[in-house]
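Each remark here refers to the structure printed beneath this line.
Counting begins at 1 with the first residue of the sequence. All values reported here derive from a predicted model rather than from experimental measurement. Just so you know, ligand 1 is whichever comes first in the structure, and atom 1 is the first atom listed for that ligand.
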Amino acid sequence: MIGQDIQKAADLLKKGDLVAIPTETVYGLAANALDTAAVARIFEAKDRPSFDPLIIHTDRIEKIKPFVKSIPEKLQVLIDAFSPGPLTILLEKEATIPDLVTAGLPTVAVRIPAHPMSKKLLESLDFPLAAPSANPFGYISPTRAKHVEDQLGDKVSYILDGGNCDFGVESTIVKLTENGSVQVLRKGGLSVEALEEVAGVVEVNDVSSSNPNAPGMLKSHYAPKTPIYVGEMNSAVKKLKGKRIAFIGFNMLNFSLPVEDQFLLSMNFDLKEAASNLFAVMRQLDKSKKYEVIVTDWFPEEGLGRAINDRLRRASSSF
Ligand code: TXA
Ligand code: MG
């Protein structure tokens, strides 16, 4: 059921149920992070392999202190600058965080979402929420309550409807390396440029591995069902001759395809707006079943364009 009743969401979570929650990045599939049975239900609902760890969510970093060994100064600075917001940090965990949450890793991922509804919900709880994106494993993340209902509607007790997600790509995940520098493990809603303004030069982990412990995660991920080809349009059209093609573009139509088969992400040439529309458009194309292939070109490699390109790189890995 979809609704806006925060109290109801809190009550369900307290008794170990699953509730989908809105965040400013994507919708999350939430459960009490300290309740192993509830966390197990997340993995089951998503069909997610248990080696893929979850992010825990809270409204204040103070509430997480009992569950982690310490908060290194450099990460505290990032929390002060960017939380609440699309930032996730890795911290050494205490035994009080179930191993199921972290897939046996010594670290736990922590995030303070900025969405007013999830903020209010978290304020009313005395436990953190474990919440991966609320999609079946490997598929693109939901950015509307309806997306969650379509795919996991029968597996959650409640979907808290907070409207369209502002960012539309997942949070940026960072950790402190052994030599003390900040490393980006997954590019996301917080841009590398913004991070560097506060943290100085940061290392960026690009898609290269299929090792989920190096979480930018699996190489093939965030993928719609319709295959994606990323590259220059004219050569794509030649290569894909005879196929029914949909084009996802930034703000420019392409002359080699009918207008009705083209989907532009931001007429204002705004990368943030483009990111917030990307997953919804991919879903719409999957749902229409009209197309055999989606063609798109790389976005400018700056700001949220880097997170968009990262997702496109993963989504297109079957080509
Ligand atoms: O924006 C987001 O981050 C959303 C919203 C709901 O908060 N959540 C999200 O969760 O994208 P999920 O589970 O779909 O992606 C988080 C990724 C996992 O795939 C995992 O590989 C990585 O974060 N991760 C979590 N804990 C980790 C840890 N301790 N060490 C390394 N990677 C970790
Ligand atoms: Mg996910």
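Counted by atom type alone, R111 and T25 present one or more donor-acceptor pairs between their side chains at under 3.5 Å. Side chain to side chain, N251 and S266 fail the donor-acceptor criterion of an N or O pair below 3.5 Å. For the residue pair E301/N309, the side-chain donor-acceptor check at 3.5 Å is satisfied. Looking only at atom types and distance, the side chain of E170 has no donor-acceptor partner in the side chain of S133 under 3.5 Å away.
Considering backbone and side-chain atoms alike, R48 places an N or O below 3.5 Å from some N or O of ligand 1. An N or O contact shorter than 3.5 Å is missing between E170 and ligand 1 by distance. Of the polar atoms of D52, at least one N or O is found under 3.5 Å from an N or O of ligand 1, judged by distance alone. Between T88 and ligand 1, no pair of N/O atoms sits closer than 3.5 Å.
Metal site remark for the Mg ion (ligand 2): S133 contributes an N, O or S atom at a distance under 2.8 Å.
Taking a cutoff of 4.0 Å between a charged side-chain nitrogen and a carboxylate oxygen, D150 and K146 qualify as a salt bridge.
Across L105, T172, V26, L87, heavy-atom proximity to atom 30 (N) of ligand 1 is greatest for L105.
For the pair H57 and ligand 1, a heavy-atom separation below 4.0 Å is found. Within the structure, the closest approach of K175 to ligand 1 does not fall below 4.0 Å when heavy atoms are considered. Within the structure, the closest approach of T102 to ligand 1 does not fall below 4.0 Å when heavy atoms are considered.
At a threshold of 4.5 Å between side-chain heavy atoms, the hydrophobic network of Ile, Leu, Val, Met, Phe, Trp and Tyr places L264 and V293 in one connected group.
Relative to the ring axis of Y158, K8 places its NZ or CZ within 45° and under 6.0 Å from the centre.
The backbone of L54, and not its side chain, has at least one atom closer than 4.0 Å to an atom of ligand 1 (non-hydrogen atoms only; backbone = N, CA, C, O).
Atoms of ligand 1 found under 4.0 Å from any heavy atom of I55 (numbered from 1 in listed order, with element): 3 (O), 8 (N), 9 (C), 10 (O), 16 (C).
At distances below 3.5 Å, not a single donor-acceptor pair connects side-chain atoms of D161 with backbone N or O atoms of A145.
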